[in-house]
Amino acid sequence: MMRLPKLAVSSPETIEEAAGVLADLGDRAVVLSGGTDLIPNLKRHQLTVDTVVLLGRIDDLEGIRVEGDTVHIGARTTLRAIVDSELVPSVVARAAGEVASPTIQNQGTIGGNLCVDTRCFWLNVPDLWRQAAEPCLKADGDTCWVAPAKQHCWAVSSSDLAPVLVALEASVTLVGSGGTRTMRLADLYVDDGIDYLTKSPDEIITSVTIPVDRGLDATYHKLRRRGSVDFPILGVAAAIRRDDAGVCTEARIILGAVASAPLRATEAEAALVGEPFGAESIATAAEAARKLARPLYNTDLTSRYRKRMVPVFVKRALEELAAE
Ligand SMILES: Cc1cc2nc3c(=O)[nH]c(=O)nc-3n(C[C@H](O)[C@H](O)[C@H](O)COP(=O)(O)OP(=O)(O)OC[C@H]3O[C@@H](n4cnc5c(N)ncnc54)[C@H](O)[C@@H]3O)c2cc1C
């Protein structure tokens, strides 16, 4: 059995107090929301901190509300509440329902999902197994065992909600010791398995804002080994707008779990825009996404198989939208 290391617990009542604790303690503290990602990582000694900062006593971090043309979701809102909500765009509820399993959806939150740690099978193993090899780059070693020639960490962005919310052009509001700011969710991510978020360590996501755009059709398709529990090994979020003649006027295709950040397939999008939205442009877009994606052998199933699945899943997602 893996045990948690001894930890101090801070349970602030305001978001400013929480940000203050994080600013004071620096990398010795970390935010805990639902804990479904953080607790296993702490048990595996993937990160070492001496304090966890709980968000559970802070009011206003939970709940879903509609304001004009936007939906606001508090960062501590559980995935289950999102699955069950009639206020969020249906594609968001669908992606939340694809995360892990119902038990984890009851506990895991949207804020935690968007900040979920990048994954790699050189890292996500018990401490003892990791000690059998030289530590990898993300574990403070010198070498990335996935691609030893490069001084870069390729651990995979593994959130199901991130590709969907990037495709919907969502934004996040953050509070830190320096104040409050709102940014595009896409700008939260960096394609680097170690420093995968642009937010500073003392910043806490307080809410996610999604524009409600009734002319946009969106979907999410996920590949994983089993039908439940498993993280994505490929996620495809697609959002399409068409005019009355059926010509695609806007497209966003975001690939999850093939890089350290959600990956925007801009050439695939360009293959759709200005064309009748149908079999021909979909096939060209799927091929463009295949060329772009370079999954590595760092998570479940082989990189070759995952790459071959990229056009298959892009095609499936777009065909679903075309059929609507
Ligand atoms: C068996 C298993 C299967 C899983 N499968 C999936 C899957 O299929 N898809 C998927 O997307 N995830 C999966 N997960 C990961 C995780 O359960 C979910 O991503 C979940 O939504 C994380 O939310 P949480 O509230 O539990 O995050 P936590 O564990 O509390 O936190 C995760 C990270 O986010 C940070 N954080 C949390 N909240 C905030 C905030 N408000 N502001 C700033 N930083 C914050 C924490 O410091 C931590 O670094 C799985 C986990 C397990 C154990």
Side-chain angles (χ1 to χ4, degrees), residues 2 4 7 10 12 15 18-19 21-22 25 27-44 46-49 51-56 58 60-62 73-83 92 94-119 124 155-165 172-176 180-181 183 185 188-189 194-208 220 222-235 237 256-257 262 299-300:
M2 291 189 298
L4 260 182
L7 293 164
S10 164
I15 196 76
V21 175
L22 290 170
L25 296 181
D27 60 8
R28 285 164 37 225
V30 70
V31 166
L32 187 145
S33 189
T36 59
D37 184 55
L38 187 65
I39 297 283
N41 292 350
L42 287 168
K43 284 184 172 181
R44 287 190 295 248
Q46 264 176 242
L47 74 163
T48 37
V49 293
T51 304
V52 289
V53 180
L54 308 184
L55 300 181
I58 303 174
D60 300 335
L61 286 185
E62 279 175 54
I73 308 180
R76 253 197 63 77
T77 305
T78 63
L79 301 172
R80 174 53 43 187
I82 294 169
V83 173
V92 178
R94 173 170 167 172
E98 294 276 355
V99 174
S101 63
T103 332
I104 290 176
Q105 291 160 20
N106 286 336
Q107 179 76 18
T109 64
I110 187 169
N113 189 270
L114 295 180
C115 297
V116 78
D117 199 3
T118 54
R119 296 179 62 76
N124 303 124
V156 166
S157 167
S158 299
S159 160
D160 277 307
L161 282 174
V164 171
L165 290 169
V172 282
T173 299
L174 304 124
V175 174
T180 302
R181 65 181 175 132
M183 68 196 287
L185 177 64
L188 182 66
Y189 299 107
I194 297 173
D195 292 317
Y196 60 97
L197 297 176
T198 56
K199 75 173 193 64
S200 63
D202 69 311
E203 282 185 311
I204 299 164
I205 297 179
T206 55
S207 66
V208 180
Y220 178 63
K222 169 176 179 172
L223 173 66
R224 55 180 158 182
R225 186 186 284 261
R226 300 174 291 185
S228 183
V229 181
D230 291 343
F231 279 88
I233 47 179
L234 169 66
T299 183
D300 198 12

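We count ligands from 1, going down the list as the structure has it; atoms in each ligand are counted the same way. We number each residue from 1, following the sequence as shown. Values below: all heavy atoms of this structure, side chains included; hydrogens, waters and symmetry mates excluded.
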Is there a heavy atom of [X] sitting under 4.0 angstrom from any atom of ligand 1?
| X | answer |
| --- | --- |
| K222 | yes |
| R76 | no |
| L55 | yes |

Please report which non-hydrogen protein atom sits nearest to [atom], along with the residue it belongs to and the distance in Å to one decimal place.
| atom | value |
| --- | --- |
| atom 9 (N) of ligand 1 | D160 OD2, 2.7 Å |
| atom 28 (P) of ligand 1 | G35 N, 3.5 Å |
| atom 13 (C) of ligand 1 | F231 CE2, 3.2 Å |
| atom 42 (N) of ligand 1 | I205 N, 2.8 Å |
| atom 27 (O) of ligand 1 | G112 CA, 3.3 Å |
| atom 25 (O) of ligand 1 | T109 OG1, 2.6 Å |

Kindly say whether [Y] contributes a backbone atom to a donor-acceptor pair with the side chain of [X] at under 3.5 angstrom?
| X | Y | result |
| --- | --- | --- |
| T103 | S101 | no |
| D230 | R224 | no |
| R76 | S33 | yes |
| Q105 | G97 | yes |
| E203 | G176 | no |
| D160 | P232 | no |

Atoms in ligand 1 flagged as close to [X], the criterion being non-hydrogen separation under 4.0 Å:
| X | value |
| --- | --- |
| L38 | 29 (O) |
| S159 | 11 (O) |
| G111 | 38 (N) |
| K199 | 43 (C), 44 (N) |
| V116 | 15 (C), 19 (O) |
| L79 | 21 (O) |
| S158 | 9 (N), 10 (C), 11 (O) |
| V30 | 47 (O) |

Proximity to ligand 1 by part of A75, non-hydrogen separation under 4.0 Å
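Near ligand 1, A75 shows its side chain, while the N, CA, C and O stay back.
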Just let me know how D37 lines up against ligand 1, side chain, backbone, both or neither, with a heavy-atom cut-off below 4.0 Å.
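The answer is both.
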Where the closest heavy atom to [atom] is concerned, which of [options] has it?
| atom | options | answer |
| --- | --- | --- |
| atom 21 (O) of ligand 1 | L42, L61, V31, N113 | N113 |
| atom 5 (N) of ligand 1 | V99, V229, I104, T78 | V229 |
| atom 20 (C) of ligand 1 | L47, N41, T36 | T36 |
| atom 45 (C) of ligand 1 | G74, C115, A96, S101 | C115 |

Under the side-chain contact (heavy atoms from CB on, under 4.5 Å) rule, what do M183 and T198 come out as? Steps first, then yes or no, please.
CA-CA 10 Å; M183 68 196 287; T198 56; 3.3 Å; yes
Between [atom1] of [X] and [atom2] of [Y], what distance do you get to the nearest 0.5 Å?
| X | Y | atom1 | atom2 | value |
| --- | --- | --- | --- | --- |
| T78 | I104 | OG1 | CD1 | 13.0 Å |
| E98 | Y220 | CD | OH | 7.0 Å |
| T51 | R28 | OG1 | CZ | 6.5 Å |

Evaluate V52 against L42 for side-chain contact (heavy atoms from CB on, under 4.5 Å), listing each step before the verdict.
CA-CA 10 Å; V52 289; L42 287 168; 4.1 Å; yes
Is it the case that ligand 1 has an N or O less than 3.5 angstrom from some N or O of E203?
no
So, regarding G108 and ligand 1 (criterion: nitrogen or oxygen to nitrogen or oxygen, under 3.5 Å), is there a contact or not?
no
Given side chains that start at C-beta, do those of T118 and V156 come closer than 4.5 Å, heavy atoms only?
no
Is it true that atom CG of D60 has more than 12 heavy atoms of other residues, nucleotides or ligands lying nearer than 6.0 Å?
no
Please assess L47 against D117 for the test side-chain contact (heavy atoms from CB on, under 4.5 Å), listing each intermediate value before the final yes or no.
CA-CA 10 Å; L47 74 163; D117 199 3; 5.8 Å; no
For the residue pair C115 and I205, what are the closest heavy atoms and their distance?
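Looking at all heavy atoms of both residues, the closest pair is SG-CD1, 3.6 Å.
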